[in-house]
Asker: 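Quick one: this structure, given as structure tokens, is what I'll be asking you about.
Being a predicted model, the structure only gives us computed values, none of them experimental. A note on names: the letters A, B, ... follow the listed sequences, proteins ahead of strands, and every chain is numbered from 1.
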There are 2 protein chains.
Amino acid sequence: MKHNELLLIKLGGSVITDKKKPFTERRGVIGRLGREIMDSFKKFKGNIIIVHGQGSFAHIPASKYKTQKGIINKQSFRGLSEVADAAIEINRIVMDVFLKIGLKAISFAPASIIVSKNEKPYSVFIEPLKRSLELGFIPVLYGDIVFDIRKRGFCIYSGEKIIGALVKKLYKYYKKVRIIYCADSDGVYDEKGKTIPLINRKVIKKISGLVKASDSVDVTGGMLHKVKESLEVAGKYKITTYIINGLRRNNLFNIVTGNKLGVPISQIS
Amino acid sequence: MKHNELLLIKLGGSVITDKKKPFTERRGVIGRLGREIMDSFKKFKGNIIIVHGQGSFAHIPASKYKTQKGIINKQSFRGLSEVADAAIEINRIVMDVFLKIGLKAISFAPASIIVSKNEKPYSVFIEPLKRSLELGFIPVLYGDIVFDIRKRGFCIYSGEKIIGALVKKLYKYYKKVRIIYCADSDGVYDEKGKTIPLINRKVIKKISGLVKASDSVDVTGGMLHKVKESLEVAGKYKITTYIINGLRRNNLFNIVTGNKLGVPISQIS
């Protein structure tokens, strides 16, 4: 029997941290988003998984050691330890805030459950996470390092790639799966700075030059990366992604509870 | 082809924390043990895995919520989140110290990679951990909560049980596997307080009344639990466990590098 609905919520690194200041979280924003999830979870008949980005945490050592390239010199190993450590550090902060407000959250470590092969998900272990969903928990994951069985040794998995890996394993258990990205903009902008309401394979070629790269350090590629990962999930599993502004109060609550009115949104399907 | 040797080192919760003071780590001891591992690792031709206990961290909420009994009331869910959180907290401290001294350490989350069935390991995912060993890393794990596929929902896995679950998956890849427990005593004492040098199935009945329970809060059973888990591993996989005093300088270094002279030790096989 299939479960009702699975909702994967990505809390962008540019939302939960100040990307211009190394290792600087935004506890107020994390708390507000956590409360919006908690309030909407009460009205939502389904499971929720939260995946958060790294912002000014793991991107800093990842950029220094070029960790996304895998093993390139002797320092790469030290780099991996530091990136993995920074990745857990922001997760600790997010979990601390979530537990204080009473969210039924439990942390899962992407580096422990995903192995990639040339950066593609090769083996993904979701049994404990699935059991936690059955018990009504909200699993919390994060952009992380992932070991790769090829020569490069390891690579970086953005929150978007973590979501892709989870969807691949979980979508068959649900009648419906949706993805919501909380970004620091009102969705994806066109050249005039207006939100593009619908993005699909047909329009992506036209707009890929317009989608701006993130203006701070972001080793995983910013908005264009989000759109590409979303299109892949849309093509493979017919899953729609919504990109909303997570810095605006109640946007997330409204989308989860089905009230899209007044929320600028880019829908990717 | 089998690898040379795998050494699993358990750093006892009573060694790395002050069990009598809630949430109190011993950074000096953690650093000294980390350096002994680092120094011996240079002379050791094999892989090392470190598993540490919880001491005055996760045992506190675990005892409050009776988490080892699984779901017994509505508070059990909150308890699980708190125990899981405290378990990661002491791991963060251990990792912080290890990375500062330059240990090539990487953390793996037991709750993410183990599912139990009536408390026995049911499914254990070791691919990322195995890949990290191939790359020369020292994986660091810890006593943790584990989701259980039966009605109880979840249970607690001591460091000893984590080691048992890892050994089950890993022993076939190695020519030799050894386990070292760093405890806060000179091995297991007899009724006169003298270290019992050799423990096996024949002598266990005689001494099980003598093996003292831990004198602080320990939801996982203290020394008797260690001996029982060791005997199980000895019986199933012919693996010897050594219990040494981790509070005495150089005991760990001496054992890893094969110099047992002068180290009071209980060997369990």
Asker: Keeping the roles fixed (side chain from A:S112, backbone from B:I113), state whether a donor-acceptor pair exists under 3.5 Å.
Answerer: no

Asker: More than 12 non-hydrogen atoms from neighbouring residues, nucleotides or ligands closer than 6.0 Å to CZ on A:F23, yes or no?
Answerer: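 Atom CZ in A:F23 is crowded, with more than 12 foreign heavy atoms closer than 6.0 Å.
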
Asker: Does B:Y122, at its OH atom, have more than 12 non-hydrogen atoms belonging to other residues, nucleotides or ligands within less than 6.0 Å?
Answerer: no

Asker: Could you check which of B:E127, B:E89, B:K130 has the highest count of heavy-atom pairs closer than 4.5 Å to chain A?
Answerer: B:E89

Asker: Can you name the residues that form a side-chain hydrogen bond (donor to acceptor under 3.5 Å, both in side chains) with A:E134, not counting sequence neighbours?
Answerer: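 Once residues adjacent in sequence are excluded, the partners of A:E134 under the side-chain hydrogen bond (donor to acceptor under 3.5 Å, both in side chains) criterion are A:R131.
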
Asker: Are there over 12 heavy-atom neighbours, none belonging to A:K2, within less than 6.0 Å of that residue's NZ?
Answerer: yes

Asker: Check whether B:A105 gets within reach of chain A through its side chain, its backbone, both or neither, counting any heavy atom under 4.5 Å.
Answerer: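 Contact with chain A is through the backbone of B:A105 alone.
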
Asker: How about NZ on B:K66, more than 12 heavy atoms from neighbouring residues, nucleotides or ligands closer than 6.0 Å, or not?
Answerer: no

Asker: Select, from B:S132, B:P110, B:P139, the one with the greatest count of heavy-atom pairs under 4.5 Å involving chain A.
Answerer: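 Sorted descending by pairs with chain A, the first entry is B:S132.
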
Asker: Roughly how far, to the nearest 0.5 Å, is the CD1 atom of A:I106 from the CZ atom of B:F154?
Answerer: 8.5 Å

Asker: Report, as yes or no, whether the 6.0 Å neighbourhood of atom NZ on A:K104 holds more than 12 heavy atoms from other residues, nucleotides or ligands.
Answerer: yes

Asker: Considering heavy atoms only, which positions within residues 142-149 of chain A lie below 4.5 Å of chain B?
Answerer: A:I145, A:F147, A:D148, A:I149

Asker: Check whether B:L135 gets within reach of chain A through its side chain, its backbone, both or neither, counting any heavy atom under 4.5 Å.
Answerer: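 Both backbone and side chain.
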
Asker: Of all the residues in residues 91-100 of chain A, which have a heavy atom that comes within less than 4.5 Å of a heavy atom in chain B?
Answerer: A:R92, A:M95, A:L99

Asker: For the CZ atom of B:F125 and the CD1 atom of A:I126, what is their distance to the nearest 0.5 Å?
Answerer: 11.0 Å

Asker: Let me have the donor-acceptor pairs involving side chains of residues 165-174 of chain B, under 3.5 Å, with sequence neighbours excluded, atom names and distances please.
Answerer:
residue	atom	partner	partner atom	Å
B:K169	NZ	B:V124	O	3.2
B:Y174	OH	B:N47	OD1	2.7

